Amino acid sequence: MTTMFKVLMTGLDEVDAYLAGKTTGYRVTLPAEVNVKAIRKRLNMTQSRFSDTFGFSLDAVKHWEGGRRTPESSARAFLTVIDRAPQAVISALHQPAMAHAAKNPIAGVGEAAGRSRVAAAEKGRWRKTAGRNVAKGRRPRKPAQAE
């Protein structure tokens, strides 16, 4: 009980000092843990899409979700903002062409999200084979035999 009292008194002393003009600003208290998987699942995103959308490395997201690493304080702050206002983060990070994603962060990738196959090819989701675009993982048709 005395620990709680000390915490409350410290907080009241900080408020008193702030109101008296002795200190300026305030200290931000970040959560000790952020449930990255819950945030990602709530946004209905894959790990890859979550990392691409918000600028994290895919390995970092996998390690955070697997419990092998915890996000540093700056990442925890960013993840907290993503959790509370994902549309604002998406619209701030992406070009105006992707502004519709801010309204619907669950939109699909590729043409459904307003991106062309060229943009998808730059991301490595499509490859050009024998003069036509082929989704990765699919085998292209064999060319017709010349007679």
Side-chain angles (χ1 to χ4, degrees), residues 1-140:
M1 189 66 163
T2 59
T3 306
M4 180 60 83
F5 178 74
K6 288 180 184 178
V7 170
L8 289 173
M9 283 307 298
T10 303
L12 288 173
D13 290 340
E14 290 174 0
V15 169
D16 191 34
Y18 178 77
L19 292 174
K22 295 177 183 174
T23 59
T24 58
Y26 56 91
R27 170 169 259 164
V28 174
T29 305
L30 294 174
E33 293 183 13
V34 177
N35 190 342
V36 178
K37 188 172 187 174
I39 296 169
R40 180 179 62 79
K41 290 286 188 182
R42 191 173 56 78
L43 294 174
N44 197 24
M45 292 183 172
T46 63
Q47 288 178 335
S48 177
R49 180 139 183 254
F50 186 80
S51 66
D52 287 345
T53 302
F54 298 112
F56 299 116
S57 72
L58 180 57
D59 286 340
V61 173
K62 287 179 179 181
H63 288 297
W64 292 338
E65 289 187 9
R68 292 179 293 280
R69 288 193 328 214
T70 58
E72 294 184 13
S73 61
S74 58
R76 284 195 317 266
F78 189 44
L79 287 163
T80 302
V81 174
I82 292 169
D83 187 28
R84 294 187 182 158
Q87 296 83 3
V89 175
I90 291 169
S91 64
L93 293 177
H94 297 282
Q95 312 113 354
M98 294 295 288
H100 72 283
K103 295 176 186 164
N104 184 10
I106 305 170
V109 293
E111 292 170 316
R115 292 178 39 201
S116 67
R117 286 188 178 182
V118 174
E122 291 171 1
K123 287 291 218 180
R125 293 189 178 101
W126 291 83
R127 60 185 164 89
K128 192 133 184 148
T129 304
R132 49 189 193 90
N133 288 326
V134 178
K136 275 195 170 178
R138 290 187 175 182
R139 296 178 57 199

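The figures here come from the full heavy-atom set of this structure, side chains too, leaving out hydrogens, waters and symmetry mates. Note that the structure is predicted; figures quoted are calculated from it, not measured.
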Contact check, side chains of [X] and [Y], non-hydrogen atoms, under 4.5 Å:
{"X": "E33", "Y": "T70", "result": "no"}
{"X": "L12", "Y": "D16", "result": "no"}
{"X": "L43", "Y": "R49", "result": "no"}

Stepwise side-chain contact (heavy atoms from CB on, under 4.5 Å) check, K6 with T3 | CA-CA 5 Å; K6 288 180 184 178; T3 306; 5.7 Å; no

Taking atom CG of D52 and atom OG1 of T46, what is their separation to the nearest 0.5 Å?
-> 8.0 Å

For [X], what residues pass the side chain to side chain contact (heavy atoms under 4.5 Å, CB included) criterion, not counting sequence neighbours?
{"X": "A77", "result": "L30"}
{"X": "N35", "result": "K37, A38"}
{"X": "S51", "result": "F56, L58, V61"}
{"X": "S74", "result": "none"}

For F5 and T10, what are the C-alpha separation, side-chain angles and deciding distance, and is it a side-chain contact (heavy atoms from CB on, under 4.5 Å)?
-> CA-CA 9 Å; F5 178 74; T10 303; over 6 Å; no

Would you give me the side-chain donor-acceptor pairs under 3.5 Å for residues 62-69, sequence neighbours excluded?
residue	atom	partner	partner atom	Å
H63	ND1	R68	NE	3.0
E65	OE1	R40	NH2	3.0
E65	OE1	Q47	NE2	2.7
E65	OE2	R40	NE	2.5
R68	NH2	K62	O	3.4

Do any side-chain atoms of residues 78-86 form donor-acceptor pairs under 3.5 angstrom with protein atoms, and if so which ones, sequence neighbours left out?
residue	atom	partner	partner atom	Å
T80	OG1	R76	O	2.7
D83	OD1	R42	NH2	2.8

With sequence neighbours left out, which residue pairs that include part of residues 85-94 fulfil the salt bridge (charged side-chain N to carboxylate O under 4.0 Å, His left out) condition?
-> none

For residues M45 and F50, report the shortest heavy-atom separation together with the two atoms involved.
-> SD-CA, 3.8 Å

